[in-house]
Amino acid sequence: MIPSLPTSPNVNRPFVSHAPGHWPEATQEEWNDWRWQLKNRVSTLEGLEKRLRLSSEERAGVILSAHKLAMSITPHYFNLIELDDPDGPIRRQVIPRLEESHHHPSEVADPCGEDAHMPVPGLVHRYPDRVNFLITDRCASYCRYCTRSRVVSGAGEQELHTEFEQAFDYLQKHDEVRDVLLSGGDPLLFSDDKLEKILSRLRAIPHIEFLRIGTRVPIFLPQRITPALCQMLQKYHPLWMSVHTNHPCELTIEVREALERLANHGIPIGNQSVLLSKVNDSIPVMKSLIQKLLQCRVRPYYLYQCDLIYGSAHLRTSVAKGIEIMEGLRGHTTGYAIPQFVIDAPGGGGKVPINPNYLISHDKEKVVLRNYEGKLFEYPEIS
Ligand SMILES: *Cc1c(COP(=O)(O)O)cnc(C)c1O
């Protein structure tokens, strides 16, 4: 047993480092090099079995993943995997399982109806003032519940063919677009130069006010958040970032340092979590996560009900569970830590907020409210 590796679930969840864990032979220079991390990702059955005892469901899942959504796990993230718990919260996010081949009748390849909302290949324009620009199909590691698994990783049948020049042209002509979200895949896998070319093209369009990058790189590959990257990004302000963290154990010392570096360069950071069965579907886990995020200067933004992507039933929870968790957070910790629970409406309706009901009744005279302790209060209505 390697002493720095995680064992059973950690109740206090302090910020810890697990480096170099399974890679004692790596020099510090190699370990801190994001390209070394990418080159040494665990992406084969042999690589996995060298380090972990797999369950039969996992073994079958890994074999099947070669033709669906690839498996790929950075050494940094691999070290967070629970060795002794095949149902561990880190493990379930990145190691494929046989259940991924089960297709529930409500599941589809494109749960958010994105393909039908692309005026240009790779550019999703659903809302009036903002677009989601899918600039790459690659990630540092692949989340097993990926909403874009139909095009991401290169293992499946469909491919993402982003038309960059057409997209810039579209954005230039559509002056109602004031907000561009770069996503994919993970934009931070591009080199600094390649990413800067895209950011500068967008900044040259006068009506684009607000840039965002959606990324899980600070979590999967914190080594990528170099001072040079941060210095490049800060030239394109206002630039915000949405990261994706699901479990407090993902917030290691290295991740905290990467997030702080981004924040120190003036980048406001929000977090998007996906509610996942046996990963974060409990109030104590979610509370620990959001409180740790504030310590990293990250504001919890959205909590997503898991999309109806093919083969995700074993990771989905009930909507009621999400509402119960939101009730367990609101009032019990600061509002800054509370994300908005949303369902991305199947078929392309966009994000719909889902809230516990605190408004007991509402008529011409008054509203009756329920607070976080369940006590009732009245407030007069103006007729
Ligand atoms: C989520 C999403 C956005 C961004 O929505 P915000 O609520 O502004 O974070 C934009 N376009 C598409 C298609 C999206 O799915």
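Reckoned from all heavy atoms, side chains included, excluding hydrogens, waters and symmetry mates. Numbering of ligands and ligand atoms starts at 1, following listing order.
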May I ask you to check if R256 and F15 form a cation-pi contact, with NZ or CZ under 6.0 angstrom from the six-membered ring centre and within 45° of the axis? yes
Taking every heavy atom of S72 against every heavy atom of A140, the minimum-distance pair comes out as OG-O, 4.0 Å
In terms of atom number and element, which parts of ligand 1 are under 4.0 angstrom from non-hydrogen atoms of K351? 1 (C), 2 (C), 3 (C), 4 (C), 5 (O), 14 (C), 15 (O)
Near Y302, which atoms of ligand 1 are under 4.0 Å from a heavy atom of that residue? 6 (P), 7 (O), 9 (O)
Mind checking whether Y127 has an N or O less than 3.5 Å away from an N or O of ligand 1? no
Which atoms of ligand 1 sit under 4.0 Å from any heavy atom of V124? 13 (C)
Which atoms from ligand 1 have a heavy atom of N132 less than 4.0 Å away? 11 (N), 12 (C), 13 (C)
With nothing but distance in play, are any N or O atoms of E114 less than 3.5 Å from an N or O of ligand 1? no
Using a plain distance cutoff, I'd like to know if Y304 has any nitrogen or oxygen under 3.5 Å from a nitrogen or oxygen of ligand 1. no
R212 near ligand 1 by a heavy-atom separation under 4.0 Å: yes
Is R224 close enough and on-axis enough to W34, meaning under 6.0 Å and within 45°, for cation-pi? yes
Could you label the plane-to-plane angle of the W31 and W36 rings as parallel, tilted or perpendicular, counting under 30° as parallel and over 60° as perpendicular? tilted
How does the hydrophobic cluster around Y372 look, that is, which other residues are in it when side-chain heavy atoms under 4.5 Å mark a link? none
Top protein contact for atom 8 (O) of ligand 1, by heavy-atom distance: R130 NE, 2.9 Å
Please list, chain by chain and in numerical order, all residues satisfying side chain to side chain contact (heavy atoms under 4.5 Å, CB included) with E157, sequence neighbours excluded. none
Any nitrogen or oxygen of Y301, main chain or side chain, under 3.5 Å from a nitrogen or oxygen of ligand 1? yes
Give the ring-plane orientation class for Y170 versus H125, where under 30° counts as parallel, over 60° as perpendicular and anything between as tilted. perpendicular
